[in-house]
Amino acid sequence: LQEDYPRFEEVDSEILAVSVEDATIGQHVSELLEIQYPILSDIEHKVADQYGVYNLLGDSLATPSVFLIDMEGIIRWAYVGQSSADRPSDDTILEQLRGLNPL
Amino acid sequence: MTDRLGVTRDKNPAHATGWRQTRAGGESGAMMNGKRALIPVLMLIVCAAILVTYKVAAVNTISATPTPTQTPRPVPTTTPRPVEEPASVAPTVGEPAPDFTLPSVEGGAVTLSDYRGQKNVVLLFYRTGG
(Lines give C-alpha, C1' and ligand atoms only; values in the text may rest on other atoms or scores of the structure.)
Protein backbone atom coordinates (compact mmCIF):
# COMPACT_ATOMS: atom_id res chain seq x y z
CA LEU A 1 0.00 0.00 0.00
CA GLN A 2 2.79 2.39 0.88
CA GLU A 3 4.30 2.35 -2.61
CA ASP A 4 0.91 2.87 -4.12
CA TYR A 5 -0.08 5.67 -1.77
CA PRO A 6 0.22 8.39 -4.44
CA ARG A 7 -2.14 6.40 -6.62
CA PHE A 8 -4.69 6.45 -3.82
CA GLU A 9 -4.27 10.19 -3.48
CA GLU A 10 -4.96 10.52 -7.16
CA VAL A 11 -8.42 9.10 -6.66
CA ASP A 12 -9.18 11.45 -3.76
CA SER A 13 -8.80 8.75 -1.17
CA GLU A 14 -7.27 8.57 2.23
CA ILE A 15 -6.07 5.35 3.74
CA LEU A 16 -6.84 4.76 7.40
CA ALA A 17 -5.14 1.74 8.80
CA VAL A 18 -6.65 0.40 11.99
CA SER A 19 -4.87 -2.00 14.26
CA VAL A 20 -6.13 -3.56 17.47
CA GLU A 21 -2.57 -4.39 18.43
CA ASP A 22 -0.47 -2.45 20.87
CA ALA A 23 0.28 1.09 19.69
CA THR A 24 4.02 0.69 20.17
CA ILE A 25 4.04 -2.15 17.70
CA GLY A 26 2.04 -0.02 15.30
CA GLN A 27 4.40 2.87 15.75
CA HIS A 28 7.34 0.61 15.17
CA VAL A 29 5.84 -0.55 11.91
CA SER A 30 4.98 3.02 11.01
CA GLU A 31 8.57 4.17 11.45
CA LEU A 32 9.96 1.12 9.83
CA LEU A 33 8.01 1.50 6.64
CA GLU A 34 7.66 5.30 6.84
CA ILE A 35 4.02 4.94 6.17
CA GLN A 36 2.42 8.18 5.04
CA TYR A 37 -1.14 7.41 5.96
CA PRO A 38 -2.53 7.45 9.50
CA ILE A 39 -2.26 4.33 11.54
CA LEU A 40 -5.00 4.26 14.12
CA SER A 41 -4.85 2.45 17.38
CA ASP A 42 -7.94 0.45 18.28
CA ILE A 43 -6.63 -1.45 21.26
CA GLU A 44 -10.09 -1.94 22.74
CA HIS A 45 -11.21 -3.16 19.30
CA LYS A 46 -14.29 -0.96 19.43
CA VAL A 47 -14.06 -0.03 15.79
CA ALA A 48 -13.15 -3.56 14.77
CA ASP A 49 -16.32 -4.65 16.58
CA GLN A 50 -18.34 -1.93 14.87
CA TYR A 51 -17.26 -3.30 11.54
CA GLY A 52 -17.69 -6.88 12.64
CA VAL A 53 -14.13 -7.91 11.87
CA TYR A 54 -12.77 -8.55 15.35
CA ASN A 55 -11.76 -12.06 16.29
CA LEU A 56 -13.36 -13.63 13.25
CA LEU A 57 -10.36 -15.93 12.99
CA GLY A 58 -10.46 -16.67 16.71
CA ASP A 59 -7.09 -15.06 17.43
CA SER A 60 -8.29 -11.89 19.20
CA LEU A 61 -7.07 -9.75 16.32
CA ALA A 62 -8.86 -7.82 13.64
CA THR A 63 -9.37 -9.87 10.54
CA PRO A 64 -7.54 -8.30 7.60
CA SER A 65 -10.23 -6.39 5.78
CA VAL A 66 -10.88 -3.35 3.67
CA PHE A 67 -13.91 -1.08 3.64
CA LEU A 68 -14.28 1.59 0.98
CA ILE A 69 -16.28 4.52 2.28
CA ASP A 70 -17.32 7.17 -0.21
CA MET A 71 -17.55 10.91 0.36
CA GLU A 72 -21.12 10.51 1.53
CA GLY A 73 -19.97 8.22 4.30
CA ILE A 74 -21.53 5.18 2.69
CA ILE A 75 -19.76 1.84 2.55
CA ARG A 76 -19.40 1.07 -1.13
CA TRP A 77 -17.22 -1.98 -1.07
CA ALA A 78 -16.00 -4.39 1.56
CA TYR A 79 -13.53 -7.20 1.65
CA VAL A 80 -13.14 -9.33 4.75
CA GLY A 81 -10.25 -11.73 4.67
CA GLN A 82 -10.76 -15.44 5.14
CA SER A 83 -7.32 -15.88 6.67
CA SER A 84 -4.61 -13.76 8.27
CA ALA A 85 -2.91 -13.32 4.89
CA ASP A 86 -6.05 -12.88 2.82
CA ARG A 87 -6.05 -9.30 1.56
CA PRO A 88 -7.12 -7.66 -1.66
CA SER A 89 -4.35 -6.25 -3.80
CA ASP A 90 -3.77 -2.52 -4.12
CA ASP A 91 -4.87 -2.72 -7.73
CA THR A 92 -8.16 -4.31 -6.70
CA ILE A 93 -8.81 -1.56 -4.18
CA LEU A 94 -7.81 1.16 -6.65
CA GLU A 95 -10.06 -0.33 -9.26
CA GLN A 96 -12.96 -0.18 -6.86
CA LEU A 97 -12.09 3.40 -5.94
CA ARG A 98 -12.06 4.46 -9.56
CA GLY A 99 -15.49 2.95 -9.83
CA LEU A 100 -16.61 5.32 -7.08
CA ASN A 101 -14.99 8.32 -8.77
CA PRO A 102 -15.63 8.25 -12.49
CA LEU A 103 -13.46 11.27 -13.19
CA MET B 1 -57.15 -42.94 35.07
CA THR B 2 -56.18 -40.13 37.40
CA ASP B 3 -58.57 -37.70 35.76
CA ARG B 4 -61.51 -40.03 36.04
CA LEU B 5 -60.82 -40.73 39.69
CA GLY B 6 -60.31 -37.07 40.43
CA VAL B 7 -63.63 -36.18 38.83
CA THR B 8 -65.59 -38.80 40.77
CA ARG B 9 -63.94 -37.74 43.99
CA ASP B 10 -64.88 -34.12 43.48
CA LYS B 11 -68.44 -34.75 42.38
CA ASN B 12 -69.52 -37.29 44.94
CA PRO B 13 -69.51 -35.18 48.11
CA ALA B 14 -71.40 -32.43 46.32
CA HIS B 15 -74.08 -34.86 45.23
CA ALA B 16 -74.28 -36.39 48.68
CA THR B 17 -74.91 -33.07 50.44
CA GLY B 18 -77.31 -32.04 47.73
CA TRP B 19 -79.34 -35.20 48.16
CA ARG B 20 -79.37 -34.85 51.91
CA GLN B 21 -80.87 -31.41 51.77
CA THR B 22 -83.53 -32.10 49.14
CA ARG B 23 -84.56 -35.49 50.52
CA ALA B 24 -84.68 -34.26 54.10
CA GLY B 25 -86.95 -31.45 52.98
CA GLY B 26 -89.73 -33.40 51.26
CA GLU B 27 -89.10 -37.13 50.55
CA SER B 28 -90.25 -40.20 52.50
CA GLY B 29 -88.20 -42.09 55.12
CA ALA B 30 -87.76 -45.14 52.89
CA MET B 31 -86.00 -43.05 50.32
CA MET B 32 -83.87 -41.46 53.08
CA ASN B 33 -82.67 -44.88 54.25
CA GLY B 34 -81.72 -45.92 50.72
CA LYS B 35 -79.71 -42.77 50.27
CA ARG B 36 -78.11 -43.04 53.72
CA ALA B 37 -76.90 -46.51 52.83
CA LEU B 38 -75.24 -45.03 49.78
CA ILE B 39 -73.20 -42.49 51.75
CA PRO B 40 -70.65 -44.96 53.22
CA VAL B 41 -70.20 -46.44 49.79
CA LEU B 42 -69.54 -43.01 48.38
CA MET B 43 -67.12 -42.28 51.22
CA LEU B 44 -65.25 -45.49 50.40
CA ILE B 45 -65.01 -44.47 46.73
CA VAL B 46 -63.68 -41.07 47.76
CA CYS B 47 -61.09 -42.68 50.04
CA ALA B 48 -60.10 -45.10 47.28
CA ALA B 49 -59.82 -42.22 44.88
CA ILE B 50 -57.58 -40.30 47.30
CA LEU B 51 -55.41 -43.32 47.88
CA VAL B 52 -55.03 -44.00 44.18
CA THR B 53 -54.23 -40.36 43.53
CA TYR B 54 -51.50 -40.41 46.18
CA LYS B 55 -50.08 -43.62 44.78
CA VAL B 56 -50.04 -42.16 41.28
CA ALA B 57 -48.36 -39.04 42.65
CA ALA B 58 -45.83 -41.22 44.46
CA VAL B 59 -45.16 -43.18 41.28
CA ASN B 60 -44.76 -39.91 39.45
CA THR B 61 -42.16 -38.64 41.90
CA ILE B 62 -40.33 -41.96 41.72
CA SER B 63 -40.38 -41.95 37.94
CA ALA B 64 -39.47 -38.28 38.06
CA THR B 65 -36.30 -39.07 39.99
CA PRO B 66 -34.61 -41.01 37.18
CA THR B 67 -35.45 -38.19 34.75
CA PRO B 68 -33.02 -35.72 36.37
CA THR B 69 -30.23 -38.20 35.73
CA GLN B 70 -31.20 -38.05 32.09
CA THR B 71 -31.64 -34.28 32.06
CA PRO B 72 -28.05 -33.40 33.09
CA ARG B 73 -26.80 -35.08 29.94
CA PRO B 74 -27.87 -32.27 27.59
CA VAL B 75 -26.90 -29.61 30.15
CA PRO B 76 -23.10 -30.16 29.97
CA THR B 77 -23.22 -29.90 26.19
CA THR B 78 -25.09 -26.60 26.48
CA THR B 79 -22.89 -25.07 29.17
CA PRO B 80 -19.52 -24.96 27.31
CA ARG B 81 -21.19 -23.15 24.40
CA PRO B 82 -20.54 -19.57 25.56
CA VAL B 83 -17.38 -19.04 23.53
CA GLU B 84 -16.37 -15.41 23.31
CA GLU B 85 -17.43 -14.26 19.89
CA PRO B 86 -18.24 -10.84 18.52
CA ALA B 87 -21.96 -10.30 18.59
CA SER B 88 -21.55 -7.26 16.41
CA VAL B 89 -23.14 -7.17 13.02
CA ALA B 90 -20.87 -6.19 10.17
CA PRO B 91 -22.16 -3.22 8.23
CA THR B 92 -23.01 -4.09 4.68
CA VAL B 93 -22.30 -2.34 1.42
CA GLY B 94 -24.71 0.50 0.80
CA GLU B 95 -25.10 1.31 4.48
CA PRO B 96 -23.59 4.30 6.26
CA ALA B 97 -20.20 3.50 7.71
CA PRO B 98 -20.18 3.51 11.52
CA ASP B 99 -18.38 6.65 12.59
CA PHE B 100 -15.45 6.54 14.95
CA THR B 101 -12.61 8.56 16.40
CA LEU B 102 -9.36 6.81 17.07
CA PRO B 103 -5.97 8.01 18.27
CA SER B 104 -3.38 8.08 15.58
CA VAL B 105 -0.03 6.50 16.23
CA GLU B 106 1.60 9.70 14.97
CA GLY B 107 -0.36 11.70 17.51
CA GLY B 108 -3.74 13.35 17.49
CA ALA B 109 -7.02 11.73 16.68
CA VAL B 110 -8.72 10.83 13.44
CA THR B 111 -12.47 10.94 12.98
CA LEU B 112 -13.97 9.12 10.04
CA SER B 113 -16.74 11.63 9.41
CA ASP B 114 -14.14 14.40 8.97
CA TYR B 115 -13.47 12.96 5.54
CA ARG B 116 -17.09 13.28 4.51
CA GLY B 117 -17.33 15.44 1.43
CA GLN B 118 -13.52 15.57 1.27
CA LYS B 119 -12.16 12.18 0.40
CA ASN B 120 -13.04 8.57 -0.01
CA VAL B 121 -11.69 6.47 2.79
CA VAL B 122 -9.94 3.16 2.49
CA LEU B 123 -10.55 1.75 5.92
CA LEU B 124 -7.98 -0.94 6.41
CA PHE B 125 -7.90 -3.37 9.29
CA TYR B 126 -4.46 -4.81 9.41
CA ARG B 127 -2.23 -6.88 11.62
CA THR B 128 1.50 -6.94 11.92
CA GLY B 129 1.88 -10.59 12.78
CA GLY B 130 1.29 -13.45 10.40
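Throughout, protein chains are lettered first and strands after them, A, B, ... in sequence-line order, and every chain is numbered starting at 1.
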Do [X] and [Y] make a side-chain contact, defined as non-hydrogen atoms from C-beta onward lying under 4.5 Å apart?
X        : Y        : result
A/Pro64  : B/Phe125 : no
A/Ile75  : B/Pro98  : yes
B/Leu123 : A/Val18  : yes
B/Val122 : A/Leu68  : yes

Test side chain to side chain contact (heavy atoms under 4.5 Å, CB included) applied to A/Leu16 and B/Val110, step by step
CA-CA 9 Å; A/Leu16 297 180; B/Val110 171; 3.8 Å; yes
Is A/Ala85 in contact with chain B via its backbone, its side chain, both, or neither, using a 4.5 Å heavy-atom distance?
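It is neither, since no heavy atom gets under 4.5 Å.
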Atom group of A/Leu94 that falls short of 4.5 Å from chain B, counting heavy atoms:
neither
When rounded to the nearest 0.5 angstrom, what is the spacing between CE in A/Met71 and OH in B/Tyr115?
12.5 Å
Under 3.5 Å: donor-acceptor pair, side chain of A/Arg76, backbone of B/Val93
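Not at all, since once roles are kept as given, no pair shorter than 3.5 Å links the two residues.
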Is it the case that the side chain of A/Gln50 and the backbone of B/Asp99 share a donor-acceptor pair, with hydrogens and angles ignored and the cut-off at 3.5 Å?
yes
Determine whether A/Asp59 and B/Arg127 satisfy the following criterion, side chain to side chain contact (heavy atoms under 4.5 Å, CB included), listing intermediate values before the conclusion.
CA-CA 11 Å; A/Asp59 53 7; B/Arg127 51 172 69 196; 2.7 Å; yes
Portion of B/Ser113 that has a non-hydrogen atom of chain A nearer than 4.5 angstrom
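Answer is neither: B/Ser113 stays 4.5 Å or more from chain A.
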Cluster check A/Tyr54, A/Leu57: I/L/V/M/F/W/Y, side chain < 4.5 angstrom:
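No; tracing contacts between hydrophobic side chains, which count when under 4.5 Å, never links both residues.
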